[in-house]
Student: 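Just dropping this structure here.
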4 protein chains.
Amino acid sequence: MPAVNSQPRRARSGNRRDEAARLAVLHAADDLLVEHGFSALTVEAIARRAGVAKQTIYRWWPSKVEILLDTLIEDSEKRLPVPTELPTADSIRTYLRDFAHFLAEDPAGKCLLTLLAEAQHDVATAARFHERYLEPRQIAEREMLTRAAEEGEVSPALGPEATMDALVGPIVYCALTGAAVPEELVDTLVEKLLRPRA
Amino acid sequence: MPAVNSQPRRARSGNRRDEAARLAVLHAADDLLVEHGFSALTVEAIARRAGVAKQTIYRWWPSKVEILLDTLIEDSEKRLPVPTELPTADSIRTYLRDFAHFLAEDPAGKCLLTLLAEAQHDVATAARFHERYLEPRQIAEREMLTRAAEEGEVSPALGPEATMDALVGPIVYCALTGAAVPEELVDTLVEKLLRPRA
Amino acid sequence: MPAVNSQPRRARSGNRRDEAARLAVLHAADDLLVEHGFSALTVEAIARRAGVAKQTIYRWWPSKVEILLDTLIEDSEKRLPVPTELPTADSIRTYLRDFAHFLAEDPAGKCLLTLLAEAQHDVATAARFHERYLEPRQIAEREMLTRAAEEGEVSPALGPEATMDALVGPIVYCALTGAAVPEELVDTLVEKLLRPRA
Amino acid sequence: MPAVNSQPRRARSGNRRDEAARLAVLHAADDLLVEHGFSALTVEAIARRAGVAKQTIYRWWPSKVEILLDTLIEDSEKRLPVPTELPTADSIRTYLRDFAHFLAEDPAGKCLLTLLAEAQHDVATAARFHERYLEPRQIAEREMLTRAAEEGEVSPALGPEATMDALVGPIVYCALTGAAVPEELVDTLVEKLLRPRA
DNA sequence: ACGTAAGCGAGACGGTACGTCTGGTCTTTCT
DNA sequence: AGAAAGACCAGACGTACCGTCTCGCTTACGT
């Protein structure tokens, strides 16, 4: 596992952080999580796998939870953007399906489930998870819904917060219990709770 | 913490298990979980708090997860029975509201959330959690739904499995994110997804 | 390095300390010291070599210095007893020669030099070294000298303390500088400073 | 601790070594040794105290031992010269007394004891200590003794090497054990081992 | 009724990971 | 090119739990 070598250090100007080491840590953490589960995700194992000293990890991340948060945020912004511009019933339905797929298949989806789980075990994790991931995303989702309603694309039966919980909740619950999300579940939820135009 | 002593041992006939120790362990585990969270729930801490030797715990439970499962099963059968006899839309709505309350307030609800979380971290936990708690309960819930449909009390828009996921999912999701479940959320879900008679 | 196995634990009655582990630690420490020097004498290395958990070492010894002290005291009592019963000029000369040999050849001699050195670096070590080894031995040596003088075997030119320093000092100094102690050095010191009978 | 700045750099011509930094390092090392002992004498601490970068130290000294050697050699040449010109019993006695005083009181004496101690822990230190300090000084001391014998000032009972060990050994030993050197010890040793004229 | 076998509190054991500290190297930036 | 700054890999520190084990005690059962 030679890991990091021979890339140029200091990709970013203005500080001296080793970008290669940063990426090696993020990838090592994600790989370990997917391959061996959260219990194998020790700081020592990450350091070993990334070819990095433990101190390098502690210098930049206060805990392994923040490593996962970094991975999750970067990846979910990239691969699961919230469609806030001109959202339609169709684009919302697609977003929900993509979300189900993200949770089931994407390494970052595993990351999200793990953080949601760890947040149950530890209040500090819960706070950081809400602050850095959950609330920003919920805000974007509610904005999406509000805008779609304003445009007349949908007529939700509940407020944006409760509606999103009703749409997202079943998908997350299925992922947590290891069940697949049936297509008609998403369709029916959209149909009944959003009541799309025409 | 003098703990357990001076109660009569051997409540059950046929073996020599010390019932006082068993209860002390279950209560210690639950107390620790509620007071200090899962991360404080170590076997050593349980033993310390229960006034019991570590070996006594390992003799009867293969892991601390099984301790929580024991607690959860006993308490949820007692305090949150599934209304399988002559279920109506009303009794289902009540069950869902009770479930939300159970998750938010009852120590055993904390237990359930913790186990659901730990199941994300560890496959063995996931297997045992499904086997001992989740599947039996899901079977009972689906039976409740099927019976209610047969009696004409409700006309679900989806199959029993997907319907239950759609009803329970949002409640669990709210509990996991620390949010309260709004009353109208349950009402609307029942209304739209179960379409109760009259 | 299988180390400890298959001896009966709990050799001593009355407590539960594992005598096999204790000896394994003492020997491992001594071996490491002789083979690789003090800088290789880390608690982790001792534990590794002894086939023992680090915690076992910390349970019984507050620092590695105490491990060396245990070794030194046991071995020097066994292999270099102070001849306090009816000492003569001859037995004192022999004791000094044995002492030179002990410092140069015996693993426990290396131990003594190391502790004397470490006592220069660390005041806590100095205190414990004096308390547990140096002062008891100096008392015994002065008693030896005093008794020999009372019996008329020797007529020291100085008080017992200064005389012992003058006799032992050169031997220790030679050992510290890696020089051999010439035979006639000991002989001359005894002759000139103790002025033995006839 | 603003440390070094604003003196003129490049005091020596011909290279670009910063003399101010050099002195700052030597003084910082000595101060730390005297104030907090050898265990506090880390390269990082020296750099911090001297207001100098770690790399500056590693550029000019292969190890902290060489820093101490530099200090020791400069100071002991200055404050404890070996009286090789026309030595007498008196000057030798004075030298020995000064030596005892140097070990007990002078910061550089602490330095010498520390190096002698560290030489027990590390063979590389032992080699450099002998090469740079101990052997040159022993050669000078033996020359002093030989010349004094040639001049008829003293008639040593042993060869110069063994005699010096017999004289210096007790002084060093007392310093190592934290004991004061009694006046009559030096006097008696000179009297008995050197047998001065008249 | 009495020996025996099991459960018990206690806690030592070999391990693994924790988060911190320092060592010695290397790179960047400034002077 | 030297120096300050400080990130980097490496690995020891002392602590907390893990799950296993042995010990000596108490207690109920089966002769």
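Residue numbering restarts at 1 for every chain, and letters A, B, ... go by the order of the sequence lines.
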Student: Looking at C:Trp60, I'd like to know if the NZ or CZ of C:Arg16 sits under 6.0 Å from its six-membered ring centre while staying within 45 degrees of the ring's axis.
Tutor: no
Student: OP1 or OP2 of E:dC8 less than 4.0 angstrom from a side-chain nitrogen or oxygen of B:Trp60, does that happen here?
Tutor: yes
Student: Record whether the side chain of C:Lys54 comes under 3.5 Å of the base of E:dG14 through a donor-acceptor pair of N or O atoms.
Tutor: no
Student: Please state how far atom CD1 in B:Ile46 lies from atom C1' in E:dA10, giving the value in whole angstrom units.
Tutor: 18 Å
Student: Does the ring of A:Trp61 carry A:Arg17 above it, NZ/CZ under 6.0 angstrom from centre and within 45° of its axis?
Tutor: yes
Student: Pick the nucleotide of DNA chain F nearest each of A:Gln55 and C:Ala45; which residue has the one closer to the 5' end?
Tutor: A:Gln55
Student: Find the distance B:Arg48:CZ to F:dC18:C1' and express it as a whole number of Å.
Tutor: 13 Å
Student: Of D:Leu115, D:Thr125, D:Ile73, D:Leu26, which is the lone residue that meets side-chain contact (heavy atoms from CB on, under 4.5 Å) with D:Leu68?
Tutor: D:Leu115
Student: On DNA chain E, check which nucleotide each of D:Tyr58 and A:Ser63 is closest to and give me the residue with the more 5' one.
Tutor: A:Ser63
Student: Rounded to whole angstroms, how far apart are CD1 on A:Ile57 and P on E:dA17?
Tutor: 13 Å
Student: Rounded to whole angstrom units, what separation is found between the CZ atom of D:Arg22 and the C1' atom of F:dA4?
Tutor: 20 Å
Student: So if I apply the salt bridge (Lys or Arg N to Asp or Glu O under 4.0 Å) rule between C:Asp70 and each of C:Arg128, C:Arg22, C:Arg132, which one comes out positive?
Tutor: C:Arg132
Student: Taking the cut-offs as 6.0 angstrom to the six-membered ring centre and 45 degrees off its axis, would you call D:Lys64 and D:Phe38 a cation-pi pair?
Tutor: yes
Student: For E:dG14, does either OP1 or OP2 sit under 4.0 Å from a side-chain N or O belonging to C:Thr56?
Tutor: yes
Student: If you find the nucleotide of DNA chain F closest to A:Ala53 and the one closest to B:Glu44, which residue's nucleotide is nearer the 5' end?
Tutor: A:Ala53
Student: Distance check: side-chain N/O of D:Thr42 vs OP1/OP2 of E:dG23, anything under 4.0 Å?
Tutor: yes
Student: Send over the distance from D:Asp122 CG to E:dG24 C1', rounded to a whole Å.
Tutor: 15 Å
Student: It should be established whether C:Arg59 places a side-chain nitrogen or oxygen under 4.0 Å from OP1 or OP2 of nucleotide E:dC13.
Tutor: yes
Student: Among E:dG7, F:dC18, E:dG24, find the nucleotide with the atom closest to the side chain of B:Lys64.
Tutor: F:dC18
